[in-house]
Amino acid sequence: MEDPENQVLDIIELVLTAHIYNDFDQLDENDLPPRIRKNYWNSKERRVDRPIIISENAVDRIYEIPHAWRLIKTLPFVVFEEFGARINLTVLDLAAKWFATQDSLSRINQNPALAFYYSRNDSLDVDYEQVRRLNKPKEMDREWIFSLIDEIAGEGEEAEDMLKLVAISAPEDVRESLDKLVLTQEQIDEIEKVVKAIQYRDYLREIELFEIGKLLFVGPPGTGKTSVARALSKELGLPFLEVRLSMVTSQYLGETSKNIGKVFALAKRLNPCILFIDEFDYVAKTRLSDEHGAIKRAVNMLLKSIDDISLVDDGVLMIGATNHPSLLDSAAWRRFDKIVPFPLPDAAMRKEIFEKITARIKGTFDTQKLAEMTDQCTGSDLRLILREAVLKALFEDRTDLTQNDLEEAVSNFSKRFELKMSEYENI
Ligand SMILES: Nc1ncnc2c1ncn2[C@@H]1O[C@H](COP(=O)(O)OP(=O)(O)O)[C@@H](O)[C@H]1O
Ligand SMILES: [Mg+2]
């Protein structure tokens, strides 16, 4: 639990923020720290209504501090309204002066509403514009994303069908992160370029450079394509829309192409966001077979939608992924402005992957040796090897791990790997 002094500061920060937000019309949702904003989010109207009211329940929900009033009742500038258990400020100025003397500068520098107030009324060294820029905007909150989706779903059954084609997650709910992945230099460079392109979107529009923001990740299964795309969502704070092309056929076919159009429309409305299209080779497969006219129409719709969307204009970063580049035809290739290879990791990368995935596990390991033993393995294979080793140790009630556990798991894995390969040969 937090110490009581910090709890008092939490409560007073909240009361001050609410008071300032209520008083100054020029402040908007992006002046509120996400924690506070989320609690007062009106998902129907997609905004935070004024006035923000501070009840003991609200303090408990936001900071898990029950009975807030007990902690702050000796302060001279707060009053308690028994009815509704509300906390109010008597004099804003007095409260603000007291707060500023409480070693609260780092709080103010993370709270645009406070920074706004102090930059006008105090000698504190705060830069409101900067604090607001650094505050996570409302578009990153899952509350914002899902209230927008609710609104769209409310637009009828068709909208609901469209939502079956696409899985949406908020950046704060994404578990993958770039620092847990081992990337090639080329991958790192491409990511860096995309980050810059998003940052300089206005400039790119000005010079009419639109050929950026459509990436195709190409490589065998388990080399990190999906993980990198998701990690980018977290890193850049962009909602993640994932389209599964195999879903395109499992839908009622007549509606599919319409729904694809709607997925892209949704991406434009959620902008900026990442639209991830997995199994991209599926496009080519359907063009080869001519069984279903409806599937072809859907695929053509997809290609046309890709042409019509842009990072610079629409704020949509599009990432395709494929395990089977040989299946792609030129019509599919030319829609992407950058192909990013996801090769099998070399020994140095495998060593680094082993280091990352064992970082939280008790024991010392010869990762160099493990890397040498796992030629041809993907990152995903290495995780499976670790999983086997950990489960085996747990079976013996051990939460530490030995080099031997890992080496055994590697050789069991190789046996299975050979089985799998011979299976392929028989097909
Ligand atoms: N280069 C890598 N570094 C670290 N982990 C990796 C790497 N490649 C794959 N993995 C791990 O393997 C798993 C599967 O990867 P995934 O992104 O689904 O591969 P793909 O989409 O290419 O099939 C994930 O848990 C991921 O963390
Ligand atoms: Mg994948």
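Whatever order the structure lists them in is the order used to number ligands and atoms, beginning at 1.
- The backbone N or O of Leu16 lies less than 3.5 Å from no partner atom in the side chain of Tyr117, so there is not a single donor-acceptor pair.
- Residue Val182 has at least one N or O atom closer than 3.5 Å to an N or O atom of ligand 1.
- Ligand 1 lies within reach of Gly222, whose nearest heavy atom is under 4.0 Å from it.
- Contact analysis puts Thr223 in contact with ligand 1, with a non-hydrogen atom separation below 4.0 angstrom.
- There is no side-chain donor-acceptor pair under 3.5 Å between Glu408 and Asn412.
- Interface of Pro221 with ligand 1, defined as ligand atoms under 4.0 Å from a residue heavy atom, comprises 23 (O).
- Compare Arg350, Lys225, Gln187 by their heavy atoms: the one nearest to atom 22 (O) of ligand 1 is in Lys225.
- Nearest non-hydrogen protein atom to atom 14 (C) of ligand 1 is Ser380 CB, 3.7 Å.
- Between Phe336 and Phe280, the ring centre distance stays below 6.0 Å.
- Checking only distances, Ser227 does come within under 3.5 Å of ligand 1, N or O to N or O.
- What sits closest to atom 25 (O) of ligand 1 on the protein, heavy atoms only, is Arg383 CD, 3.2 Å.
- Residues Phe116 and Phe24 place their aromatic rings such that the two centres sit under 6.0 Å apart.
- For ligand 1, the polar-atom distance check against Lys180 finds no nitrogen or oxygen pair separated by under 3.5 Å.
- Contact annotation for Ile353 and ligand 1: only side-chain heavy atoms (C-beta onward) come within less than 4.0 Å of the ligand.
- No side-chain donor from either of Asn57 and Ser55 sits under 3.5 Å from a side-chain acceptor of the other.
- Contact of the Arg335 side chain with the Lys214 side chain is not registered, since no non-hydrogen atoms from C-beta on lie closer than 4.5 Å.
- At the top of the distance list for atom 5 (N) of ligand 1, counting protein heavy atoms only, stands Leu181 CD2, 3.6 Å.
- Asp150 and Ser43 share no side-chain donor-acceptor pair at under 3.5 Å.
- The single protein non-hydrogen atom nearest to atom 18 (O) of ligand 1 is Thr226 CB, 4.0 Å, given as residue, atom name and distance.
- Using a cut-off of 2.8 Å, one finds that Thr226 contributes an N/O/S atom close to the Mg ion (ligand 2).
- For Asp337 (side chain) and Ile212 (main-chain N/O), a donor-acceptor pair under 3.5 Å exists by modelled atom type.
- Among all protein heavy atoms, the one lying closest to atom 7 (C) of ligand 1 is Gly379 CA, 3.9 Å.
- Residues Lys138 and Trp41 meet the side-chain proximity criterion, which asks for heavy atoms closer than 4.5 Å.
- Contact check for Asp173 versus Phe240: no side-chain heavy atoms found under the 4.5 Å cut-off.
- For ligand 1, the polar-atom distance check against Gly224 finds a nitrogen or oxygen pair separated by under 3.5 Å.
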